[in-house]
Amino acid sequence: DAYRNIINEVLDDMKKLLRNETFANTVFAWKTQQPAGCTEVIFFPQDPAVFADNDIISNFMTLGYNWSQFYQRDLFLLSRLQEMGMPYLDMRMLYSRTDAHVSSLGNKLYGDCLQLC
């Protein structure tokens, strides 16, 4: 898939840069997606994987966006970063939080609540 190819290419380029003496002391860090729901309640706050795998939520997350792919993309990215020993900020806990990001449309059904402000 295109996302995996891009991530692999970028990480490979970063590894090359780190082998270069000029960038030897550079620290790269990543952040996972900054997700949040547009629902009225908090879903499964203890386990974001449950939220990502829930049929009702998965159906909701397909409304005109590719939200349903974000969690699996995060897992792929984290596995690659762990392999490399690269630091990252894991924001997956926000998948289950309706209050993690408020939609600019006031939690309307078709509001895009996943953008960064």
Side-chain angles (χ1 to χ4, degrees):
D1 119 281
Y3 177 82
R4 289 174 183 259
N5 292 337
I6 290 169
I7 291 297
N8 286 329
E9 184 176 336
V10 169
L11 292 177
D12 288 344
D13 287 347
M14 291 170 75
K15 284 192 281 190
K16 290 175 191 171
L17 280 174
L18 291 172
R19 287 192 291 263
N20 184 317
E21 190 175 305
T22 305
F23 298 100
N25 295 320
T26 302
V27 176
F28 291 104
W30 283 68
K31 178 179 93 47
T32 59
Q33 306 282 338
Q34 184 161 328
C38 296
T39 58
E40 306 244 342
V41 296
I42 297 171
F43 288 98
F44 314 108
Q46 299 303 316
D47 189 354
V50 173
F51 175 80
D53 291 336
N54 183 284
D55 288 339
I56 296 168
I57 303 307
S58 294
N59 290 338
F60 173 77
M61 292 176 72
T62 60
L63 297 172
Y65 304 100
N66 62 352
W67 298 345
S68 60
Q69 299 174 28
F70 287 8
Y71 189 76
Q72 292 304 317
R73 287 178 174 179
D74 281 344
L75 294 179
F76 172 74
L77 175 63
L78 291 173
S79 70
R80 293 284 289 130
L81 295 174
Q82 289 169 352
E83 287 172 12
M84 294 177 61
M86 186 175 292
Y88 56 85
L89 178 61
D90 187 352
M91 304 292 287
R92 287 178 298 155
M93 78 293 276
L94 297 181
Y95 276 97
S96 58
R97 298 295 304 239
T98 189
D99 58 346
H101 181 88
V102 180
S103 168
S104 59
L105 298 176
N107 285 344
K108 300 278 188 222
L109 182 61
Y110 291 101
D112 180 358
C113 298
L114 296 176
Q115 76 275 7
L116 297 173
C117 286

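Owing to the predicted nature of the structure, the values given are computational and were not obtained by experimental measurement.
- Heavy-atom contacts from other residues, nucleotides or ligands closer than 6.0 Å to CG of Asn25 number 12 or fewer.
- Closest heavy-atom contact between Met91 and Lys31: CG-CG, 3.7 Å.
- Chaining together hydrophobic side chains whose heavy atoms lie under 4.5 Å apart places Ile6 alongside Tyr3, Ile7, Val10, Leu11, Met14, Leu17, Leu18, Phe23, Phe28, Trp30, Phe76, Leu77, Leu78, Leu81, Met84, Met86, Tyr88.
- In this view, Arg4 and Asp1 satisfy the salt bridge (charged side-chain N to carboxylate O under 4.0 Å, His left out) rule, not counting sequence neighbours.
- With sequence neighbours left out, the salt bridge (charged side-chain N to carboxylate O under 4.0 Å, His left out) criterion links Asp90 to Arg92.
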